[in-house]
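Inspection log for the structure reproduced underneath, given as structure tokens.
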Amino acid sequence: MSVESKIKEALAEIERGVQEIIGFDYIKELVTNYFKEGKTYTIKAGFDPTAPDLHLGHTVLLQKLATFQKYGAKVFFLIGDFTGMIGDPSGKSETRKPLSKEQVLQNAKTYEEQVYKVLDASKMEIVFNSNWLDSLGTRGMIELAAKFSVARMLERDDFEKRFKAQSPISIVEFFYPLLQGYDSVALNCDIEFGGTDQKFNLLMGRHLQRAYGLEKEQSVVMVPLLEGLDGVNKMSKSLGNYVGITQEPKEMFGRILSISDSLMWRYYELLSTKSLQEIAELKQGVEKGELHPKVVKENLALEIIARYYDINAANAAKEEFARVFSKDELPSDIPVFTKEKGIWIAQLAQECGLCDSNSEALRAIKQGALKLNGKKVEDSKLNLQESEYILQIGKRKFAKVIIK
């Protein structure tokens, strides 16, 4: 393959699944210089460690960073331990509660453990923005604040809405985009990554690089927000439509298998390491009836689980799923609980972890989702007597109960 063909292929992979790119010509120049002269360049992606675990929605950005690593980029994986104590106001309707230094560092530690499962450690550096923001000092902060006007800050959509609604906006929230932009100055980076909801903050980096006299203006790459398992809302733990990368392999497998056949291609595009050509061939095979969608979906699940665990764990998850859901057998590792006789069925479901509350258990009974020894529970007032039972909700939650 010629150098020009390699560059064309690289740029196609870079654009794959991206919502918007600002400064594409500069990216093209950087990639061209890598293939023709071996020159590397730098990318920054910032993460405020406000929660300890990542899900597949977060890894859309990580996958794109991994793509850039293949084409000459060194990644600065920036953990916002300083800015995380402020809290990103993007899309928020009220001031966020700041995190303590201890909370931020604990969450950051889990990020470090998880990120190496996607990115090439030899082509990246984990950095903490407290390294330069702590030393900025009062004079530096005043100089930074002077680089941007309040009027321009209020052009930001979420700030504008809160200002019109007379909702409080803390001065420190105005500093958040400035500090994120200053990270780009401190790292002298060529490209910055973020979600589509981060556009204002990402453009701030370009503005401040000019304001501080750098001889470059970073390009901005914005990735879309991944739809959750429901195919409607963005992936979110609070909505329960997520696949966590630290979940048990069998749980990950079942969740990925639950997505619709049409949504499967979106997941392939944003999460798989297969090339666009390979994905197009799979899609064509399904359309022609040569490949079954379930098999293609299973292969996606295997690829994702192998990335965060290993291929043995992925294959074991597939076998367990087939054993339980295709052959109507029980899982091999059902948790066992011992309870006193007379316990109420709804309370039992809650105490065994099948439901978060008694009311949720009652809803499951009403919907016919709660089973006892394979039969639907119809009596919501049922009290269990001495015996052994298999309690089940849906197709993935089981508990063995010994009533004494």
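In this text the structure is predicted, and so the values were computed from the model without any measurement.
- Summarising the geometry of V118 relative to R307, their closest heavy-atom pair is CG2-CD, 4.4 Å, with the distance given to 0.1 Å.
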*Take E4 and K8 through the salt bridge (Lys or Arg N to Asp or Glu O under 4.0 Å) test and state the conclusion after the steps.*
CA-CA 6 Å; E4 294 300 329; K8 183 178 179 180; over 6 Å; no
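- With E320 contributing its side chain and N315 its backbone, the two residues share no donor-acceptor pair below 3.5 Å.
- Residues L214 and S184 share a closest heavy-atom pair of CD2-O, 4.5 Å.
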*Start with the C-alpha gap between H55 and V243, add the side-chain angles, then the distance that decides, and say whether side-chain contact (heavy atoms from CB on, under 4.5 Å) holds.*
CA-CA 6 Å; H55 56 60; V243 181; 5.9 Å; no
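- Without hydrogens or angle criteria, S5 side chain to M1 main chain gives no donor-acceptor distance under 3.5 Å.
- The main-chain N or O of T42 is found under 3.5 Å from a side-chain atom of D190 such that the two form a donor-acceptor pair.
- A salt bridge links E20 with K199: at least one charged nitrogen is closer than 4.0 Å to a carboxylate oxygen.
- In this structure, E9 does not pair ionically with K6, as no charged nitrogen and carboxylate oxygen lie closer than 4.0 Å.
- Within a 6.0 Å sphere centred on CD of E340, heavy atoms belonging to other residues, nucleotides or ligands number 12 at most.
- A 4.5 Å side-chain heavy-atom check between Q350 and D356 finds every atom pair outside the cut-off.
- Under the 3.5 Å distance criterion, the side-chain polar atoms of D81 are matched with a main-chain donor or acceptor of N129.
- At most 12 heavy atoms of other shown residues, nucleotides or ligands fall within 6.0 angstrom of atom CD in E248.
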_From CA spacing to verdict: side-chain contact (heavy atoms from CB on, under 4.5 Å), L11, F24_ = CA-CA 10 Å; L11 292 175; F24 181 75; 4.1 Å; yes
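- Within the 4.5 Å cutoff, no side-chain heavy atoms of M222 are placed close to those of I21.
- Closest of all the heavy-atom pairs between L119 and A66 is CD2-N, 3.6 Å.
- Formation of a donor-acceptor pair under 3.5 Å by the E360 side chain with backbone atoms of C355 is not found in this model.
- Contact check for I7 versus K36: side-chain heavy atoms found under the 4.5 Å cut-off.
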*Q218 vs E192, side-chain hydrogen bond (donor to acceptor under 3.5 Å, both in side chains): CA-CA, chis, key distance, verdict*: CA-CA 7 Å; Q218 69 178 19; E192 183 172 8; 2.8 Å; yes
*Worked check of side-chain contact (heavy atoms from CB on, under 4.5 Å) between L270 and Q63*: CA-CA 8 Å; L270 297 179; Q63 288 294 115; over 6 Å; no
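- The pair E319-K250 fails the salt-bridge criterion, with no side-chain N (NZ, NE, NH1 or NH2) lying under 4.0 Å from an Asp/Glu carboxylate O.
- With hydrogens and angles ignored, the 3.5 Å screen pairs a side-chain donor or acceptor of K216 with a backbone N or O of N188.
- A donor-acceptor pair is defined here as one N or O able to donate and one able to accept, closer than 3.5 Å; no such pair exists between the side chain of Q392 and the backbone of K397.
- Evaluation of the ring-ring contact (aromatic ring centres under 6.0 Å, His included) rule for F77 yields F47 as partners, not counting sequence neighbours.
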*Begin with the C-alpha distance, continue with both residues' side-chain angles, and end with the deciding distance and a verdict on salt bridge (Lys or Arg N to Asp or Glu O under 4.0 Å) for R210 and E215.*
CA-CA 8 Å; R210 293 194 303 269; E215 295 181 358; over 6 Å; no
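- Within 6.0 Å of atom NZ in K147, more than 12 heavy atoms from other residues, nucleotides or ligands are found, so the atom counts as buried in its surroundings.
- Contact of the E298 side chain with the H292 side chain is not registered, since no non-hydrogen atoms from C-beta on lie closer than 4.5 Å.
- With contacts defined as side-chain heavy-atom distances shorter than 4.5 Å, the pair F175/M141 qualifies.
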*Would you check, one step at a time, whether the test salt bridge (Lys or Arg N to Asp or Glu O under 4.0 Å) holds for R16 with E269?*
CA-CA 7 Å; R16 163 183 170 179; E269 180 186 23; 5.9 Å; no
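- E303 contributes a side-chain N or O that, together with a main-chain N or O of T273, makes up a donor-acceptor pair within less than 3.5 Å.
- Between R266 and E227, at least one side-chain nitrogen of the basic residue sits less than 4.0 Å from a carboxylate oxygen of the acidic one, meeting the salt-bridge criterion.
- Contact record, K234 with L225: CD-CD1, 4.0 Å, taken as the closest heavy-atom pair.
- Judged by the 6.0 Å and 45° rule, K297 forms no cation-pi pair with Y268.
- Look at E143 and R139 and you find no salt bridge, because none of the NZ, NE, NH1 or NH2 atoms lies under 4.0 Å from a carboxylate O.
- In this structure, the separation between CG on L271 and CG on L62 is 10.5 Å, given to the nearest 0.5 Å.
- Across L229 and Y267, no two heavy atoms sit closer than the pair N-OH, 3.8 Å.
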*Give the C-alpha distance, both sets of side-chain angles, the deciding distance and a yes or no for side-chain hydrogen bond (donor to acceptor under 3.5 Å, both in side chains) between W132 and D183.*
CA-CA 8 Å; W132 51 86; D183 291 342; 2.8 Å; yes
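- Atom OH in Y308 sits 8.5 Å away from atom CG in L54 (nearest 0.5 Å).
- The environment of NZ in K283 is sparse: at most 12 heavy-atom neighbours from other residues, nucleotides or ligands sit within 6.0 Å.
- To the nearest 0.5 angstrom, I142 atom CD1 is 10.5 Å from L136 atom CG.
- Between the side chain of Q247 and the main chain of G244, a donor-acceptor pair closer than 3.5 Å is present.
- One distance of note links CD1 of I191 with CD1 of I14; it measures 7.0 Å at 0.5 Å rounding.
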Under 3.5 Å, side-chain donor or acceptor atoms of residues 375-382 against the rest of the protein: list the pairs with distances, not counting sequence neighbours.
| residue | atom | partner | partner atom | Å |
| --- | --- | --- | --- | --- |
| D379 | OD1 | K381 | N | 2.9 |

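- D310 CG to I305 CD1: the interatomic distance, rounded to the nearest 0.5 Å, is 10.5 Å.
- Proximity of M264 to V296: side-chain heavy atoms (C-beta onward) are separated by under 4.5 Å at one or more points.
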_Applying side-chain contact (heavy atoms from CB on, under 4.5 Å) to L65 and L61, what does each step give before you reach the verdict?_
CA-CA 6 Å; L65 290 175; L61 189 148; 3.5 Å; yes
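- Using a 30° and 60° split on the angle between ring planes, Y71 and F35 fall in the tilted class, from 30° to 60°.
- In this structure, Q69 and V75 approach most closely via the heavy-atom pair CG-CG2, 3.7 Å.
- Counting only distance, with no hydrogens or angles, the side chain of E278 and the backbone of S275 share a donor-acceptor pair below 3.5 Å.
- Between F128 and F82, the distance separating the two ring centers is not shorter than 6.0 angstrom.
- Note that the SG atom of C352 and the CZ atom of F337 stand 4.5 Å from one another [nearest 0.5 Å].
- Checked against the 6.0 Å centroid criterion, the rings of F174 and F148 do not qualify as a close aromatic pair.
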